Amino acid sequence: MKFIADLHIHSRFSRATSRNLDLENLYISAQCKGIQVLGTGDATHPGWFDEIQSRLVEAEAGFYRLDPNQASICDRWVPESCRGEVRFVLTAEISNIYKKDGRTRKNHNLVFLPDLETAQRFNRRLEKIGNIHSDGRPILGLDARDLLDIVLNLDARAFLVPAHIWTPWFSMLGSRSGFDSLEQCFGDLAPHVFAAETGLSSDPEMNRRVSGLDRLVLISNSDAHSTAKLGREANCFDTDFSYEGIREALAHPENGGFCGTLEFYPEEGKYHLDGHRQCAVRLTPAETRKLEGICPVCHRPLTLGVLHRVESLADRCQGQPRPGLPFSKLVPLTDILAEVLQCGAVSKRVTEAYRRCLESLGSELSILQEISPDRISSLDIPLLDEAIRRVRQGRLVIDGGFDGQFGTLHFFTPAERRRLLGQQSLFVLPGSPAPVSGRGGPVRSEPIQTSWRDPSPAAPSAANSAGSLMTDAQKAAVEAMKGPVMVVAGPGTGKTFTLTRRIVRLLETGQASAGQILAVTFTQKAADQMQRRIADLMGKGRDLPLIGTLHGCCYRLLQQIDGDRPMTVLDEDHRLELIRDAMTLAAQDDLSAPFSVPQMLGWIEAVKQRIQEPSSGGPPAHDVPARRFYLRVFEIYRNLMAVQGFLDFDDLVACMVVRLEADAELAASLKRRFVHVLVDEYQDLNHAQYRLVRALTEPGSHLFIIGDPDQCIYGFRGSDWRYFDRFSDDYPGASVIRLQHSYRSPQSILDAAGQVVAGCRDGRRRLPLKATAPGRRLNLIRTESEKAEAVAIGRIIEQMVGGSGFEAYDFGKVDSAGRGQERSFADFAILYRTHRQGGMIAEVLEAAGIPCRLASRRRIWDTPHVAGLVCWLRLCMGQGSFFDLERAIAWIAAETSGSDLKRFKKWCHARGYGLAEGMRQAARLPVQGLNAARQHRMIALFADLERIGDEIRDRPLEARIDALLEKTRLGEAFDASPAEAGLAALAEWIDACRDETDLLLHLSLSADADLYDPRGERVALMTLHAAKGLEFPVVFIAGCEDGLIPLIGAEDLDEERRLFYVGLTRAGERLFLLTAARRMCYGRCENRTMSPFIADIDPGLLEIESVAGRPLPLRRQTQMSLF
DNA sequence: GGACTGATAGTTTTT
DNA sequence: CTATCAGTCC
C-alpha cells in the first residue's frame, strides 16, 4: 500500500512547541496535510505516553489509531475533501549530549518503537539514565552509541535513526557538535544504523555527495513543533501498512518499499548557508573559506551551515552522478500563499485562502504535488497556479537560510508580477528566474552591537600528571626508597600518581615483592582506583600488594590471625538498632533516656576511636544520671555485640591495635611481613588509626606517608592533622618532600585558596602552590534567594554547554558567536556545605533539563527490596541479626507479627542469646510473653527460615540470590519496581567478591554506590566533604554565606576554612562562588551575609556580579531558554 | 500495644 | 520545615 509518513514531530510536552499539539489536533492536521502515518514523537515523556496509551488503540501491528469515538468528533474539523485514515507509530527523539574523545558531542536521535510495551521498557531504562520528565525531547548525557545499544537490546524491531544529521549544533555530522562519519559516532554498532534523517537544510542530492552515507536510506521528516509545520518534509512508502512494513522498507530499500522523500527546499532551511544572524552576515561556503571562517563584522568564528559541512565531508563533486531515490521538493502551501498574496504566512488572508484550497482541492500535499494548475486556477487566487507550477519545476529564488534563520522565497520579480497579473498567462515566460542556486551572496547591514561576556575562554587544563613527565619533587618521592618518607602533597599535585608510581617502582626494581607491601587509603574508591592503576601499569597476571582501606586491611589481618572465626561487621543502621535495643533494656532498670540514639552512637565511636574506656567519654561529668545511663547502655551494647559476634567499624582498628600492642610476637611478624607501608591521606588519621600505623612500623621503617594537612576535614570524627606534622618526631630522620606544582588549578584559584587557608589560627607555615596557567578571575555571584542561586548556576551551565536545545539559538538567546569553550555536563560540579542545599539546586536544574547526579547519603541497598535481600543473605549464612530477621519476614507470608518478634528479642536479650541460639532455644523453652499458639507459629517460621537456608546454602552466590528471589516476595518486588540498578550494583559486587563473607563485608564496609547509570553524563552535586579527591573543570560553590561556610555552630573554624579550601581547589579552570541574600532556614526566611572567608580573598582575584531578583521563572510563556 | 499529640532539635561522613 | 521521641489516651 502506498502511504506518506511524517515520522519526526513533537508534542506539546517538548520545549518551544505549540500548546495545542495533542493527538486530536495531530489527527486533524495530518488529514489536512495528506499524511497517513505520523510518528507520535516524545514517546519517552510520561505525560505524552499516558495520552498515547489512553487515546490510541492498536490498528495494524505497531500502528495506532485515534480512538474511533474521538476520531469521529475530530473529523468534523477536517474538510471532507481531505478525510482519510491516520495512523501513529511510536517514536521519540533523544538529545544526546556527551563527551567523546575529548570533545563535546551533541546529537539528536530518533527512536522507533514497535509497541507500547517496548516503549514502556525503553522509558524505564532511560529513567535511570536521566530526566525524561521535563522535556518531551529528553536531554541525556548518554553516548549515542550507548543509546543505540539500549535500543537494540530492547527489541529486535526497535531501531534508531540519527536526526537531521547536518545541523551545526545538534547532529551526528554537525559542524559544531558532531563527528565526521557515522562510524565515528556509533563505533562498533554503526552497522545497525540503516537510515538517517536529512533535515530541512539538506536534501538527498547534497547527502549523496558523501559516499560514507551511500549505505543509508535517507528519510525526511518535518520535526514539527506545531501542527502547521506537519509534513513540510515526509516519506513515501509502498509497502505493508504496519510498523514492520516501515522498518522493512528502510532496512531493505532494495525491495522497493521505500519510494523516496518529499523535501523542503534546503535553501529555505535555517542552517543552509553560513553566517552570523546577529551580525546580519550571510555567506556561501566558498566565501566563508575565503574569510577563513571568521565573521567580517565581529571577528568571531562563523556558524557554518549545512552546505558548508556537506562540502567539507563530500568526496563527490557537485553534479557528479550519485546513487539514491527520487525526491521532490516542496514549499509549504502557506509560504506560497504568503508570497502570492504578499502578506505574512500566518495572516488571516493566508489562513482563509489555505482553508479554501483544502476545501475545494483536497489535502495540502496533493495540492502541492498532483492537482492540475487548471483546477488550482479555478480557485481564483491570482498567481497561485503559476507559483505551484514553479515550485514543482524548481523555478524559484531563495535567499538561503543561515544561523538559525529561515531562507526567504521569491517567485516573481515585481515586474513579472505586474505582467502576470496583467495578462493572467498560463504559460511560462522567458526570463523568469533560473532554478535555485541561491542568491546567497554576503548580505551586510549595519553592524549590530552584540555583547558577550566571555572574550577569552580559559585555556584547557595543562598537561595532566598522568603523563610520563614528573617533576623533580615527584621523582624524589617515587624514588626515595629507604627509611621513612613524608610527602606534603597540595591539591592537584599528583598525589595518587606519586603513590602508584612508587608502588610500581618498588615492584619493578625488585626492592619489594607484592606481599611485602601494604598500602592503605581512606576510601574504598581510592583503594579501587589505586589497585586499577597499578594493575594497568604492571600488566595482567602480576601479584598485587594488599591495598585497601584501613578498616578493610584490619579485617583481613584479623581474619588471617584468628583463622575462620566468623566476624560480622555491622553497618550504621544495625548499630543504631542495637543501641536502641540497648537503651530500651537500660531504661527498664528504671532509668529514662536523657539523650538520643545517634548521640549515644557518637559517644561510642569517639571512645573507641581513642581506644579508651567508656568512662572517659559520654555526657559531661556534672550530669550524673545521664552518665550512669550512658555507662549502662555502653555495657549492654558491648554485651549484645559480643553475644552475636558482631564488630563495629571502630572495633576493627581498635582490636587490631590492642592485639599488636599486647602481642610483641605478632607485631614483629607483621613488621617483618610488611617491609613497605604506604599511607594515603595521612592527615585524616584518627587516634586509633595513628596507633595502628605506629604499631605496624619502627621508627626507621620504610614508611611512606602522603597527604596535606590543609585538607584535613574529618576532625569531627577524630581526624587530627597534627599527626602529620609530628611525623618527623615520630620517625626521626624522615625525608620530607613537598609537591608544590599543581597540575589541576590555575594560579588565580590557587592564590585565592591560599589566601583563605592562610587565615587558619593553627600557626602553620605554608608554601605557595604554583600553577601552569595564570587562569582568570573567580566569579562571585550574588543572588537574591536560594532559588535564584540555583537558576544562576543553571543559566551558566546552559550557556557553557552551549544551550541544550535548538531554542537557545533559534530565539537568539545565546550569542552563538561569542561562546566559550564547549562543555559537557560531566565537566561541572556544584558543591555545598549541607545536603539540604543540594535538593533545591537539583530540582531547578532537572526542571530545566540539565541532568544531575545528586550524591546522597542513602546507599543502594537502602531501597527496601535490596535491603531485604541483604538481610535474607545474612540470615541464611548464619550471620543474621534480630534486625535482619524483622526485615526479612516482611517478604514472606509469615504469621508472626513484629511485636511477637520484639518479645522474642527481649527474651533472648534477657537470657543472653544471640539470634541463632535464641531460635534453637525457642523450640524447647517457653518464650516469655508469647502464648503457646503464637510461639508455635514462630517456631514454624524459624523452621521455614531454616529450610530455605538449607536449600540454598550449597549453591553458588548468584544461584543463591536467584533462589531467594524465587522463594520470597523479593522477586516480585524486583520485577515491579525499577530498582534493577540496585540489583546490578549488587551483581557487580558479587562478581568482585571471592565469597559470601567477602560480599557481606563489602556490603557493610563499602561506600555508596551510584544508582545512576554511569554512562549518562551528569552535573555532579555533592557536599564539600564528598568532593575531596575529585576535580572538575568548572566548579560552583553554592551558599558561600556566613552560617553555611563556616557552618553555624561549627566548633573548629579552621576546619571550616580547610573545607572551603578543599572546595576551591577542586576547580580545574573556572570557579564560581555563589551567595543568596535570603535563604529559607528551618521554614524561616533568613537574611544572609557573605562568608567571612571570601573577605580573605584579594578582591583583584574576584569578578563580582549581582543577579537581580527578577521574577522567576517564566517557564512556558517566553520559551526562550530553559529558564 | 497502637494511634495520636506536642515538643524539640536539626552539620559534615567514611568505614 | 520535618523527623524523632516522649507522653497520652483508648
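Please read all numbers here as calculations on a predicted model, not as lab measurements. All values below come from the heavy atoms of this structure, side chains included, with hydrogens, waters and symmetry mates left out. Each chain gets a letter, A, B and so on, in the order the sequences are listed, and its residues count up from 1.
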Atom CD of Glu786(A) to atom P of dC1(C): distance rounded to whole Å? 13 Å
Regarding the side chain of Tyr714(A), the nearest nucleotide among dT15(B), dT12(B), dT14(B) is dT14(B)
Take atom CD of Gln599(A) and atom C1' of dC5(C), then tell me their distance rounded to the nearest Å. 13 Å
When rounded to whole Å, the CZ to C1' distance for the pair Arg836(A) and dC1(C) reads 8 Å
Which whole-number value in Å describes the distance from Met583(A) CE to dC5(C) P? 8 Å
Does Phe522(A) reach a base, just sugar-phosphate, or nothing at all? Heavy atoms under 4.0 Å. sugar-phosphate
Tell me the interatomic distance from Gln524(A), atom CD, to dT14(B), atom C1', rounded to whole angstroms. 10 Å
What integer distance in Å separates Gln837(A):CD from dT12(B):P? 9 Å
Using whole Å, what does the distance between atom P of nucleotide dT14(B) and atom CD of Glu681(A) come to? 13 Å
Categorize Arg575(A) for me: base, sugar-phosphate, or nothing, with a 4.0 angstrom heavy-atom threshold over every strand shown. nothing
Looking just at side-chain N and O atoms, do Asp884(A) and Ser881(A) make a donor-acceptor pair shorter than 3.5 Å? yes
Of the candidates dT13(B), dT12(B), dC5(C), the side chain of Arg580(A) sits closest to dC5(C)
Categorize Arg833(A) for me: base, sugar-phosphate, or nothing, with a 4.0 angstrom heavy-atom threshold over every strand shown. base
Nearest to the side chain of His835(A), which nucleotide is it out of dT14(B), dT11(B), dT12(B)? dT12(B)
Are Asp720(A) and Tyr714(A) close enough that a side-chain donor and a side-chain acceptor fall under 3.5 Å? no
Starting from the C-alpha separation in whole Å, work towards a yes-or-no answer on side-chain contact (heavy atoms from CB on, under 4.5 Å) for Ile604(A) and Arg575(A). CA-CA 10 Å; Ile604(A) 293 175; Arg575(A) 298 178 71 184; 4.3 Å; yes
Establish, with yes or no, whether the OP1 or OP2 oxygen of dT14(B) is under 4.0 angstrom from a side-chain nitrogen or oxygen of Thr549(A). no
Nearest whole angstrom, please: distance from the C1' of dT14(B) to the CG of Asp528(A). 14 Å
Out of dT12(B), dT14(B), dT11(B), minimum distance to the side chain of His1025(A) belongs to dT12(B)
Please tell me whether Tyr723(A) and His687(A) have a donor and an acceptor in their side chains that are separated by less than 3.5 angstrom. yes
Any side-chain donor-acceptor pair under 3.5 Å between Arg694(A) and Tyr690(A)? yes
Taking only N and O in the side chain of Arg903(A), is any of them less than 4.0 Å away from OP1 or OP2 of dG1(B)? yes
